[in-house]
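A short worksheet on the structure shown next.
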Amino acid sequence: MPVGSAREILRRLHDVMAARTPAQAKLDEVTRIVAAELGSEVASIYLVKDGALELFATHGLKQEAVHVTRLGIGQGLVGTIAETRAPLNLAEASSHPRFAYRPETGEERFHSFAGVPIIRREAVIGVLAVQHVQPRAYDEFEIEALQTVAMVLAELIAASGLGAEPAAAPRPRETAALRLPGLRLVDGVARGVAVFHQPRVRIERTVADDVEAERRRLEAGFRALREQVDAMVRQAEFAGPGDHDEILETYKMFAFDEGWARRIHDAVEGGLTAEAAIETVAQAQRIRMAGSSDPYLAERLHDLDDLSNRLIRIISGKLGTAARLGLKEDMILIARNLGPAELLEYDRRYLKGVALEEGSLTAHVTIIARAMGVPMVGRIQRLRDQVAEGDPLILDAGAGALFVRPQASVVRNYEEQAALRARRQAGFEALRDLPAVSRDGIRVSLFINAGLRSDLPALALTNADGIGLFRTEFQFLVSATLPRKERQIALYRDVLDAAGDRPVIFRTVDIGGDKAVPYISAREGGEENPAMGWRALRLALERKGLLTVQARALLEAAAGRELNLMFPMIAEAWEFAEAKAVVEAARAAMAVRGRPLPSAVRYGAMLEVPALGETLDELLPMVDFLSIGTNDLVQFLLAADRGNPKLAARYDWLSRGVLRYLARVVRAAEERGVTVTVCGEMGGRPLEALALLAIGVRRLSITPAGIGPVKAMVRSAELAPIAAKMALWLDTPGADIRAALSAEVAARGIDV
Ligand code: PEP
Ligand code: MG
């Protein structure tokens with residue numbers, strides 16, 4: 001259908017809407033216009049009333065049928081359109097299995113049929129249909145014109161109070177319970193209602209009052225969209241290769257696609273508002289691609305949908321995310337993807353879980369969600385198509401699944417598990433003020449790992465001995481630009497204030513590699529192995545300015561107090577010496593200027609690179625303390641990526657090789673009188689923590705949620721006999737330490 005007549009339809013509809021005639025007369029007039037402009041013998045409007053579709057107006061069918069003919073949702077062709085929310089376009093209507101003949105309408109004469117749903121606020125409120133005597137399929141542009149009219153009708157119906165109501169039977173995708181599989185990113189179980197991170201904008205106005213103004217809005221919108229996409233691509237260039245790249249490339253292709261832009265422009269020229277024009281083109285695209293079973297095309301459609309929504313949001317100025325709505329209900333956040341800073345905007349009291357269409361184990365948002373203790377599942381295909389805003393959800397990250405509108409049995413199971421967890425939690429809380437002392441009198445120090453301001457209350461809640469690892473890079477990861485010294489000082493000061501008399505160990509930034517930040521450019525050509533790449537201290541020693549600023553910030557924040565500082569990813573002792581020298585130089589410079597300084601500075605090294613463990617004779621005399629980062633260390637010892645679920649079984653903290661290595665390090669440090677802390681996730685799991693205690697570790701820095709369970713384990717265990725057994729197992733080739741330790745735990749009634 002030529003643009004000219006689409007414009008003509010809209011012009012005439014505009015007049016209808018503006019006329020001071022009763023609503024019924026307006027509907028009658030719309031059917032006349034549609035029939036005439038599409039060259040159809042029949043045009044009819046059905047609206048939902050009392051749970052069924054009632055013929056409200058027709059041009060071409062018998063007038064006696066008006067307000068008499070009624071079709072249930074799902075009944076006949078019209079009912080099918082309402083049920084599926086999808087248009088139908090049939091050259092021979094009676095060949096469709098759902099065709100229902102209504103003698104009162106006199107429609108047996110007509111062969112061809114095309115219809116589209118009338119949708120308002122995401123609900124079907126009616127159907128617009130055309131019919132023709134000669135068998136013919138309506139072309140794409142005619143269907144698009146029908147959809148445009150349907151959109152205008154939705155507005156007209158709402159404005160005239162015609163009493164059309166949402167179809168009583170909601171769309172099928174909203175009723176059936178679904179189990180959507182995905183990838184576990186952060187373990188845990190959560191329940192809440194679906195909240196879309198970027199809510200869809202409801203289009204309130206479809207017919208333009210001023211075409212020129214709409215054209216300008218659209219052009220400005222396109223400019224902003226293209227800038228945004230360019231910025232996203234630029235940022236992603238630092239994030240290394242991955243799926244993300246491909247998506248952004250597609251985004252870019254669509255955003256700059258002249259064909260897409262032209263069709264939207266044409267629709268605006270035809271008299272639609274910019275938002276309605278974008279939506280019409282998106283709908284037409286959806287229909288064109290819906291028939292295809294090609295998963296690649298389905299994905300592309302998704303991208304285009306995403307981009308259309310983004311453009312609508314830009315143009316309507318509704319850019320805020322759901323975080324700004326101040327929701328006060330337990331919720332599961334639904335998004336294609338999220339940035340770490342975006343996640344932090346949500347109120348932690350209500351944010352129970354996150355479900356994403358993308359996401360990866362090493363993405364910053366995953367690191368932050370893990371730190372926040374928010375369960376997260378990623379890689380859920382077509383997530384946003386299958387979940388509606390407000391749907392009840394259960395997220396079971398352990399099982400890698402999102403239950404949408406779960407059945408009663410799933411809810412019951414969840415509630416039972418939650419009750420069990422609550423009972424256990426109450427038990428841990430009762431231990432809060434008791435020390436972590438084993439039955440044979442061995443005191444274990446339990447610290448928490450932290451990295452965000454919002455982690456600080458955990459110190460008081462758990463009554464931990466201090467913060468054994470403060471990951472300073474979190475502030476860098478959630479910032480769009482390099483955090484200035486003042487902001488760093490403010491954070492470090494808050495941390496020290498919250499800790500009071502308890503010690504805090506700050507780790508200098510561990511960025512680069514898989515924790516890339518956009519404002520520090522990655523090495524040329526990206527990295528094949530980011531975990532073993534240009535990161536942490538390697539980067540900091542080359543960018544001494546960065547380390548110096550951080551050192552000054554830490555020294556200033558800790559003025560008058562003790563500062564404990566450690567460096568990540570040291571492979572050789574000289575790196576520690578060089579990093580310490582940078583901090584000492586900053587300290588000396590501040591002293592010269594008379595700046596207040598910490599009462600003492602203690603320096604530690606993180607043991608994460610296996611080779612460092614072989615040169616402890618060189619390192620230990622230099623350091624004040626040692627902290628073993630088992631997350632990285634174990635992945636390097638076993639050459640098993642810590643984030644790859646396929647290698648989960650190989651990444652075994654209790655493997656004999658790992659424990660023998662750790663035992664040797666602990667012994668060497670003990671002989672030298674250097675305190676050792678284990679600050680990896682391993683120490684937060686009761687069974688693994690028991691193994692560490694059995695090889696002589698006495699200080700654990702763990703995720704706050706681990707404090708209760710580990711303390712319960714310590715208090716229920718007698719360590720000496722377990723240590724003796726462990727020494728034996730370590731010397732026994734082929735020993736299955738996990739099995740042996742588990743058997744011991746069961747036999748001795750240790751709380752694990
Ligand atoms: C570790 O590697 O064990 C560690 C504590 O550091 P991160 O998890 O931050 O790499
Ligand atoms: Mg590490």
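Numbering of residues begins at 1 and proceeds along the displayed sequence. In listed order, ligands and their atoms are each counted from 1.
Under a 4.0 angstrom heavy-atom cut-off, Met682 registers as lying outside contact with ligand 1. Distances shorter than 4.0 angstrom do not occur between any heavy atom of Glu681 and any atom of ligand 1.
In this model, no donor atom of one side chain and acceptor atom of the other lie less than 3.5 Å apart for Asn449 and Thr703. Residues Thr677 and Arg699 bring a donor and an acceptor atom of their side chains to less than 3.5 Å of each other.
For the Mg ion (ligand 2), the nearby protein N/O/S atoms, meaning those under 2.8 Å, are Glu608 OE2, Asp632 OD2.
Formation of a donor-acceptor pair under 3.5 Å by the Arg507 side chain with backbone atoms of Thr472 is not found in this model.
Counting heavy atoms closer than 4.0 Å to ligand 1, residue Leu469 contributes side-chain atoms (C-beta onward) but none from N, CA, C or O. Contacts of Arg642 with ligand 1, taken as heavy-atom pairs under 4.0 Å, involve the side chain alone.
Taking the six-membered ring where tryptophan is involved, the planes of Tyr346 and His197 are tilted, since the angle between them lies from 30° to 60°.
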Exercise for review: For Arg642 and Asp632, run salt bridge (charged side-chain N to carboxylate O under 4.0 Å, His left out): C-alpha distance rounded to whole Å, both residues' side-chain angles, the deciding distance at 0.1 Å, then the answer.
Suggested key: CA-CA 7 Å; Arg642 70 194 245 191; Asp632 275 315; 3.0 Å; yes
Review point. When you look at Glu357 and Arg379, which way does the salt bridge (charged side-chain N to carboxylate O under 4.0 Å, His left out) test go after all the steps?
Key: CA-CA 5 Å; Glu357 288 178 10; Arg379 309 267 172 97; over 6 Å; no
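Arg471 NH2, 3.5 Å is the protein heavy atom nearest to atom 7 (P) of ligand 1. The nearest heavy-atom contact from the protein to atom 6 (O) of ligand 1 is Arg507 NH1, 2.9 Å. Regarding atom 5 (C) of ligand 1, its nearest protein heavy-atom neighbour is Cys679 O, 3.4 Å. Closest to atom 2 (O) of ligand 1 among all protein heavy atoms lies Glu608 OE2, 2.8 Å.
Side-chain contact between Val504 and Asn564 is absent, with no heavy atoms from C-beta onward closer than 4.5 Å. Taking 4.5 Å as the limit, every side-chain heavy atom of Arg502 sits out of range of all side-chain heavy atoms of Asp465. Proximity of Tyr603 to Phe625: side-chain heavy atoms (C-beta onward) are nowhere separated by under 4.5 Å. The closest side-chain heavy-atom distance from Arg715 to Pro435 is below 4.5 Å.
The residue from Asn631, Ile628, Asp510, Val678 that puts a heavy atom closest to atom 3 (O) of ligand 1 is Asn631.
Atoms of ligand 1 lying under 4.0 Å from any heavy atom of Asp632, numbered from 1 in the order shown and given with element: 1 (C), 2 (O), 3 (O), 10 (O). In summary, the atoms of ligand 1 found under 4.0 Å from a heavy atom of Gly680, numbered by their order in the structure, are 3 (O).
Among Leu662, Ile702, Val697, Leu687, the single residue meeting the side chain to side chain contact (heavy atoms under 4.5 Å, CB included) criterion with Met682 is Leu662.
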